[in-house]
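Have a look at the structure below before the remarks.
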Amino acid sequence: MTYLAVPIAAPDLDEAADQITEAIAAGAEMLELRTDYLEALSPDLVKNLVTRAKNAGDRAVPTIVTCRDKQQGGAIAHTVQLRIEVLTAALRAGAEFIDFEYENYLDIQSQERIRLALSQSSRGRLILSTHNFKDRFDDIGRLHRRILTVCPPAIPKLVYTANHINDCFEAFDLLHRTGGERIVLCMGRAGLVSRIVAKKLDSFVTFASIDEQSATAPGQLTIAQLKELYRYDSIEGDTELFGVIADPVGHSLSPAIHNACFGEKNMNRLYLPLLVQGGQPEFDLFLRNVLLRKWLSFRGFSVTIPHKRSALAFTKTAGGMVEPLAEKIGAVNTLIVTAQSGLKAYNTDYAGAIDAITSGMGITKARLKRLSVAVIGAGGVARAIVAGLSDAGAKIKIYNRTVEKAQRLAGEFNCEFAGLDELPGLDAKLVINCTSIGMHPNIDYTPLPDGCLDKDMAVFDTVYNPAETLLLKQAKRAGAKTIDGIEMFVNQALAQFKFFTNQNANTELMRKTVVERLLE
Ligand code: NAP
């Protein structure tokens with residue numbers, strides 16, 4: 001059983017009581033009373049706070065009382081004497097758990113006082129915690145054993161900063177190979193995923209905040225995100241995992257649409273945001289980490305910026321299957337993990353984009369023949385679109401910031417190429433933005449200077465967040481036809497869902513989820 005705990009961090013009793021009511025209403029299964037945030041901290045105040053927590057809401061939730069040492073991330077520097085008095089008072093008031101720092105517990109006097117307080121409590125239990133706010137622990141396994149050697153009945157809590165998602169795997173390993181009650185989590189953006197996977201791997205507690213402002217640790221999700229976006233209540237030990245490998249990943253709508261469709265079909269599957277920073281080596285290490293650990297049950301991935309070519313290279317090196325179309329495009333946006341921990345690689349961008357263009361322009365695929373097209377960008381999406389358009393016989397000119405990349409792509413598909421400085425003179429019936437220019441949060445940018453578009457053109461922006469980019473606004477003003485990135489996004493996601501599950505997703509639910517998220 002994993003408790004979903006919400007930290008209560010307030011300067012006074014009234015604000016703490018409001019937070020408690022909110023947390024319970026939002027679905028908290030446990031409260032962590034961070035008493036180190038209380039400004040006029042005293043044992044009586046904490047007694048009062050615990051009593052309030054016990055009587056709040058319409059259901060009883062267990063409480064952890066923490067008075068964190070400033071050295072270990074505490075809010076206010078209280079003396080160790082006061083912190084132990086506070087924990088003792090909390091136990092007397094009926095708190096189920098007190099959290100004390102393992103490093104401070106090694107001090108014999110502190111240890112004796114904590115033991116005495118616990119011996120006088122009928123049900124109070126000790127969480128011995130340790131934090132590393134900078135990095136991984138030197139040897140997390142040894143630290144876990146040491147905590148249990150010093151105090152066998154304690155619940156060890158080991159929390160460290162993951163500077164890369166690859167740092168999370170030792171937390172997963174520890175949870176996988178140890179039994180009993182233990183809390184193992186990673187902090188930071190790269191560690192966010194550990195807060196969700198904690199439930200699958202049976203961590204005793206995972207933490208979520210009431211809202212983004214009240215987060216008490218970097219990378220903490222809100223309770224609403226955990227429950228609504230990441231299907232927290234349905235996560236089990238055998239839940240199959242999927243995810244989008246990207247950097248940045250925060251803007252991605254893929255978790256929302258795939259989880260909505262998994263939820264609608266009651267599937268025991270979960271889709272995660274996987275922030276994989278770095279290039280080919282870091283990408284390769286991430287996939288090797290995943291494939292080595294069958295028990296994580298990762299079954300498939302969407303791959304996007306900037307890893308689509310890395311996904312192709314890794315699959316080939318690992319001896320996996322690459323569909324011929326993805327090989328020709330030179331980019332992969334979908335990976336399937338086989339039962340033997342092998343990989344199959346696909347590209348669903350190509351058909352998704354061509355369908356979006358033909359339906360957006362109201363033409364058949366045959367009418368793409370000899371159509372003059374300006375493709376801006378030479379990355380993964382550009383490759384897929386150039387391959388599709390070239391297959392259909394269009395006349396393509398590729399513009400890119402790095403001209404050599406445009407030249408290489410043009411050489412492969414027999415097109416023209418230029419740098420972005422030549423965009424003002426463009427002469428095309430269809431203009432396609434395949435760069436991330438204009439993508440959230442940089443929504444005030446456009447790849448085209450004003451005055452390049454006219455009413456006989458169609459403009460397709462593959463960026464889907466926001467749905468109406470500055471480029472599309474320019475196009476509308478010029479009277480051109482516009483095609484937004486949502487259509488392509490939904491098309492490629494439908495194809496991915498089919499690869500992931502062998503079933504068709506609910507198209508309308510996907511579209512609705514994308515639009516709702518964008519409106520948020
Ligand atoms: P990618 O492989 O990393 O390629 C990025 C492209 O954008 C490169 O051509 C790069 O130029 C260019 N670029 C990036 N920042 C730039 C800047 N500040 N100024 C000028 N050029 C810049 O990425 P990708 O996977 O092709 O994705 C590109 C875009 O497609 C993203 O915005 C993504 O949101 C969108 N997309 C849409 C869908 C959909 O379904 N609608 C699906 C996937 C992706 P250099 O070569 O010079 O670096």
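Remember, it's 1-based here, ligands and their atoms both numbered in the order they're listed.
- Judged purely by atom type and a 3.5 angstrom limit, T348 uses its side chain to pair as donor or acceptor with the backbone of Q492.
- Side-chain contact check for N132 and R136: no donor-acceptor pair (N or O, by modelled atom type) lies under 3.5 Å.
- Under the salt bridge (charged side-chain N to carboxylate O under 4.0 Å, His left out) criterion, the residue pairs touching residues 368-396 are K328-D391, R383-E412, with sequence neighbours excluded.
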Would you be so kind as to tabulate the donor-acceptor pairs closer than 3.5 Å made by side chains of residues 314-325, with sequence neighbours excluded?
| unit_1 | atom_1 | unit_2 | atom_2 | d |
| --- | --- | --- | --- | --- |
| T315 | OG1 | A311 | O | 2.6 |
| K316 | NZ | E327 | OE2 | 2.7 |
| T317 | OG1 | A313 | O | 2.8 |
| E323 | OE2 | N347 | N | 2.7 |

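- Remark: the backbone N or O of V249 is not paired with any side-chain donor or acceptor of S252 at under 3.5 angstrom.
- Residues passing the ring-ring contact (aromatic ring centres under 6.0 Å, His included) test with F242, sequence neighbours excluded: F262, F500.
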Can you give me a line-by-line list of nitrogen or oxygen pairs between ligand 1 and the protein shorter than 3.5 Å?
| unit_1 | atom_1 | unit_2 | atom_2 | d |
| --- | --- | --- | --- | --- |
| ligand 1 | 2 (O) | G380 | N | 2.8 |
| ligand 1 | 9 (O) | A378 | N | 2.9 |
| ligand 1 | 9 (O) | N400 | OD1 | 2.8 |
| ligand 1 | 11 (O) | N400 | OD1 | 3.3 |
| ligand 1 | 18 (N) | R401 | NH1 | 3.4 |
| ligand 1 | 26 (O) | G380 | N | 3.0 |
| ligand 1 | 26 (O) | V381 | N | 2.7 |
| ligand 1 | 30 (O) | T462 | OG1 | 3.3 |
| ligand 1 | 32 (O) | T435 | O | 3.3 |
| ligand 1 | 40 (O) | F489 | N | 3.2 |
| ligand 1 | 41 (N) | T462 | O | 2.8 |
| ligand 1 | 41 (N) | G485 | O | 3.0 |
| ligand 1 | 46 (O) | N400 | ND2 | 2.8 |
| ligand 1 | 46 (O) | K405 | NZ | 2.7 |
| ligand 1 | 47 (O) | R401 | NE | 3.1 |
| ligand 1 | 47 (O) | T402 | N | 3.0 |
| ligand 1 | 47 (O) | T402 | OG1 | 2.5 |
| ligand 1 | 48 (O) | R401 | NH2 | 2.9 |

